[in-house]
Amino acid sequence: MPIQRPKGTQDLLPGTIEQWQYLEETIRTVCRAYGYEEIRTPIFEATELFQRGVGQTTDIVKKEMYTFLDKGDRSMTLRPELTASVCRAYVENKLYGQPQPVKLYYMGPMFRYERPQSGRFRQFHQFGIEVLGADQPVVDAEVISLVWNLYQRLGLTQLEVHVNSVGCPTCRAKHRKQLQEFLTPRQNELCNDCRERFERNPLRILDCKNPTCQAVTSGAPTTHDTLCEDCSTHFERVLVLLGLAGVVYRVNPRLVRGLDYYTKTAFEVMVEEIGAQSAICGGGRYDGLVEEIGGPPTPGIGFAMGLERVLAALQVQNQLPEQKPKLFAMLIALGEKAQNEGFSLLSTLRAQGISVSMDLLGRSLKTQLKAANRLGAQYALILGETELEQNLLLIRDLTLGEQIEVPLVEAVEEIKKKYQRGV
Ligand code: HAM
């Protein structure tokens, strides 16, 4: 049996990778426009970072981490998300000593041992941002408007932006108590997961997709019922600013996120068309996280989006740009002498940044022309024995079927001219 890739992972091959590159380039452009800088942190971290950062009661830490002992018997974990890592890097590299806030973005693979299904992978890719060192509502609005503007630029529609405030630890404790009191008489009706959540993390029951749990929790106290004045004022201000930024959103008082670190603003973006795993982006404020992992008290806010899901949404909405031909020209050199001449021409053209390929299998003219067409080349540069004797190069336009002959000494200039006209 040939070896297969692990369940829940993907090979991203040419033909698809161009879509990824397009998405990644658009993301970088938007991040630059908003003044964010890239950060890259390790693929694995000490397990304790996620236990403390993401939270012991979360699904991620309880069931989904790829954890292993390294040869030095240290417990390591493949990163399931990047917020905790970015906060660790902020503390470890003393970024709090730089002008605040620090505005960072990242893109890369994350790992969660989840049940694979459409839109849910064990290795998936996130683009995310984190802003550290600013607690004003205007930051929350900037972060959400960045998401909104990126999706506008990509041409995504049918977006549902849900916004909520989960409050500070004081509001949360009050809400937790009220929720437990409300749910106590109907505890037995909850699904197994929620019965377990009742003690450890009752807020998550509000988020359960099980219809019975949803029925039980309808009418349950929401986070809004217990917001303190500070959290409430903060949230109202965020909503006003979102309106000014043109973000179309819905306040969803039942939105609680699956990670423990959130305070105040929480948000998610959904595209129903892509199926059950419709959340393409999730984030919020986490004002206690940096301190939790050993740094100075520092407010923070950010989000992450699943790139596989954003691409799925672009695909169903027909918003992926047509792929441009990758190869500008195919050099067809027939015979050893022509190959020598062609090989040096190829090097000169490539050094100028022009994408040219050449047959590597010693095939006939006809087969090479077919290959050039299949690769989407715009031109064939033909160098046969006759051309070589006369010091000429045949340039054939593969779309129009026309061809011209140019003296070999002028070939580079001529090809360059055509290339520049095309770009
Ligand atoms: P999260 O909600 O766990 O948040 O993940 C964010 C996004 O990553 C999801 O909305 C989804 O698009 C994508 N995603 C998550 N799990 C999978 C999976 N198994 N397969 C495919 N896509 C997936 C976080 O990770 C937080 N760190 C976000 C954040 C940053 N909050 C503040 N700053």
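In each ligand, atom 1 is the first atom listed, and ligand 1 is the first ligand listed.
The nearest heavy-atom contact from the protein to atom 1 (P) of ligand 1 is R257 NH2, 3.5 Å. Summary of contacts: the protein heavy atom closest to atom 26 (C) of ligand 1 is Y261 OH, 3.3 Å.
Side-chain N/O atoms of E130 and T83 include a donor and acceptor closer than 3.5 Å.
A cation-pi arrangement, defined by a distance under 6.0 Å to the six-membered ring centre and an angle within 45 degrees of its axis, is absent between R40 and Y106.
Using 4.0 Å as the threshold, G258 has no heavy atom nearer than that to any atom of ligand 1. Residue contacts with ligand 1: G128 is excluded, as none of its non-hydrogen atoms falls under 4.0 Å. Not a single heavy atom of E308 sits less than 4.0 Å from an atom of ligand 1.
Atoms of ligand 1 lying under 4.0 Å from any heavy atom of L259, numbered from 1 in the order shown and given with element: 3 (O), 4 (O).
Less than 6.0 angstrom separates the ring centroid of Y261 from the ring centroid of Y286.
Looking at Q277, M110, M305, R112 and measuring to atom 25 (O) of ligand 1, the nearest heavy atom belongs to R112.
With a 6.0 Å radius and a threshold of 12 heavy atoms from other residues, nucleotides or ligands, Q21 has its CD atom above the threshold.
Side-chain atoms of R52 come within 3.5 Å of backbone atoms of E292 as a donor-acceptor pair (strictly under, hydrogens ignored).
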